[in-house]
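Sequential numbering from 1 along the given sequence is applied to the chain's residues. Small disclaimer: the values here were computed from a predicted structure and weren't measured.
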Amino acid sequence: GDQEAGELGLAAVPGRQAAFRQGLAAAVQYARTVGCPRIHVMAGRVPLGADRAAVAGEMETTFIENLRYAADLLAQEDMIGLVEPINSRITDPRYYLNTPHQAADILEKVGRPNLKLQLDLFHCQIMDGNLSRNLETYFPLIGHIQIAQVPGRHEPDSPGELNFPYIFKLLESLGYTGYVGCEYAPKGDTLKGLGWLRSYWENQGVQRGGTSKAAE
């Protein structure tokens, strides 16, 4: 969308279907070029000045129609579309899609196997908490996981509410084999901010590069 005009995605924004399709086509070209099989289809914001409840029905209808179009296009490329709930309490009060429950309901209505849930645990914790049960409940829908500590949105080992070693073990026990995206703001520089990962590997008996000491 037009970020200068305050747009953040278009998939659920009524009247912007043509621009959504243009943006999706461009995203597919980029994804194809770099070999990326997943595209985040951003819902967008409630129009400025509009009441969320008053436009919810129209926005859901638009979202479902656009997601079906996206799914059919992405299927031709053997790609997966992702929808991500973004919290409306801290990050973006106007973002349309803000809870995993809402996302799951919409994905069920869309009914396309190549559309999945992009679950950012930062947003999920702020909106709902109950992470263990939510991960278990929505695991069949999950296509990508993102992490950041709450509330500062920094490294997983920074002070905060989430116990990431426990969460990583839970993901392993559930059989998650995908990537975990580190969508946090480092408190310092990027490399120093990855120190938590080295410590986590050491605590798990894993050398850098993912080799288990026990396997040796």
Side-chain angles (χ1 to χ4, degrees), residues 1 7-14 20 38-47 50-71 74 80-151 153 156 160-164 166-181 183-184:
E7 292 180 329
L8 188 69
L10 295 173
V13 181
F20 167 75
R38 291 172 175 80
I39 293 178
H40 175 195
V41 184
M42 300 189 73
R45 290 170 167 152
V46 173
D51 177 72
R52 179 182 289 270
V55 299
E58 185 181 8
M59 292 192 74
E60 180 178 287
T61 298
T62 302
F63 200 21
I64 290 171
E65 290 176 355
N66 280 332
L67 286 175
R68 286 176 178 159
Y69 173 87
L74 294 175
I80 291 174
L82 300 168
V83 297
E84 178 190 9
I86 295 176
N87 82 81
S88 57
R89 289 178 173 160
I90 297 175
T91 301
D92 196 329
R94 288 173 46 216
Y95 201 75
Y96 169 71
L97 187 67
N98 53 31
T99 71
H101 320 296
Q102 181 190 9
D105 182 58
I106 287 172
L107 287 173
E108 182 179 1
K109 291 176 180 177
V110 173
R112 294 291 194 276
N114 66 326
L115 291 181
K116 297 288 185 179
L117 173 63
Q118 178 169 303
L119 190 64
D120 188 319
L121 300 186
F122 173 82
H123 297 303
C124 187
Q125 170 70 2
I126 290 171
M127 292 301 293
D128 192 61
N130 197 25
L131 290 186
S132 297
R133 184 58 60 87
N134 279 327
L135 282 168
E136 293 167 354
T137 299
Y138 298 116
F139 186 75
L141 297 177
I142 292 174
H144 186 54
I145 293 283
Q146 292 178 323
I147 61 170
Q149 186 57 274
V150 180
R153 207 168 187 175
E161 301 172 13
L162 302 186
N163 180 351
F164 280 103
Y166 166 79
I167 289 171
F168 294 152
K169 284 183 180 295
L170 177 59
L171 287 172
E172 290 178 5
S173 71
L174 291 171
Y176 184 70
T177 58
Y179 287 103
V180 173
E183 192 170 77
Y184 58 78

Original post:
Residues two or more places apart in sequence or in another chain: which of them pass ring pair (Phe, Tyr, Trp, His ring centres under 6.0 Å) with Tyr95?
Top reply: none
Original post:
Between His101 and Asp105, is any pair of side-chain heavy atoms under 4.5 Å apart?
Top reply: no
Original post:
Which atom pair, heavy atoms only, marks the closest approach of Lys116 to Pro140?
Top reply: NZ-O, 3.6 Å
Original post:
With distance as the sole test, does Arg89 use its side chain to make a donor-acceptor pair with the main-chain N or O of Ile126 at under 3.5 Å?
Top reply: yes
Subject >> Contact check, side chains of Leu117 and Pro85, non-hydrogen atoms, under 4.5 Å >> reply: yes
**OP:** Verify side chain to side chain contact (heavy atoms under 4.5 Å, CB included) between Leu10 and Asn66, making sure each step is shown before the conclusion.
**Re:** CA-CA 9 Å; Leu10 295 173; Asn66 280 332; over 6 Å; no
Subject >> Residues Ile167, Ile147; criterion side chain to side chain contact (heavy atoms under 4.5 Å, CB included); working and verdict >> reply: CA-CA 10 Å; Ile167 289 171; Ile147 61 170; 5.7 Å; no
**OP:** Could you tell me whether the side chain of Thr91 reaches within less than 4.5 Å of the side chain of Phe122, counting heavy atoms only?
**Re:** yes
Original post:
In Å and rounded to the nearest 0.5 Å, what is the CD1 to CG distance from Ile86 to Asp120?
Top reply: 8.0 Å
Original post:
Is any side-chain heavy atom of Leu115 less than 4.5 Å from a side-chain heavy atom of Val83?
Top reply: no
Subject >> Closest non-hydrogen atom pair, Glu84 against Gln146 >> reply: OE2-OE1, 3.1 Å
**OP:** Decide, yes or no, whether a salt bridge links Lys169 with Glu172 under the criterion of side-chain N to carboxylate O below 4.0 Å.
**Re:** no
Original post:
In Å, rounded to the nearest 0.5 Å, how long is the span from OG1 of Thr137 to CG of Asn130?
Top reply: 7.5 Å
Subject >> Intermediate values then yes/no, side chain to side chain contact (heavy atoms under 4.5 Å, CB included), Ile90 and Arg153 >> reply: CA-CA 11 Å; Ile90 297 175; Arg153 207 168 187 175; over 6 Å; no
Original post:
Are Arg112 and Leu74 close enough, and set up right, to give a side chain to side chain contact (heavy atoms under 4.5 Å, CB included), and what steps lead you there?
Top reply: CA-CA 11 Å; Arg112 294 291 194 276; Leu74 294 175; over 6 Å; no
**OP:** Could you tell me which non-hydrogen atom of Phe139 sits nearest to which non-hydrogen atom of Gly175, and how far apart they are?
**Re:** CZ-C, 3.8 Å
**OP:** Give the minimum heavy-atom separation between Tyr176 and Gly143, together with the two atoms involved.
**Re:** OH-O, 4.5 Å
Subject >> Interatomic spacing from CD in Gln125 to CG in Leu131 - rounded to 0.5 Å >> reply: 4.5 Å
Original post:
Would you say the side chain of Met127 lies within less than 4.5 Å of the side chain of Asn134, judging by non-hydrogen atoms?
Top reply: no
Original post:
Quick one: CG on Leu67 to NZ on Lys109, what's the gap to the nearest 0.5 Å?
Top reply: 12.5 Å
Original post:
Has Glu58 got more than 12 heavy atoms of other residues, nucleotides or ligands less than 6.0 Å from its CD?
Top reply: no
Original post:
Considering all heavy atoms of both residues, which atom of Tyr96 and which atom of Phe63 are nearest to each other, and what is their separation?
Top reply: CE2-CD2, 3.8 Å
Original post:
Just how far is it from atom CG of Asp128 to atom NE2 of His123, taken to the nearest 0.5 Å?
Top reply: 14.0 Å
Original post:
Rounded to the nearest 0.5 Å, what separation is found between the CG atom of Leu141 and the CG atom of Leu119?
Top reply: 10.0 Å
**OP:** Return the minimal non-hydrogen interatomic distance between Ala148 and Leu162, and the atom names on each side.
**Re:** O-CD1, 3.7 Å
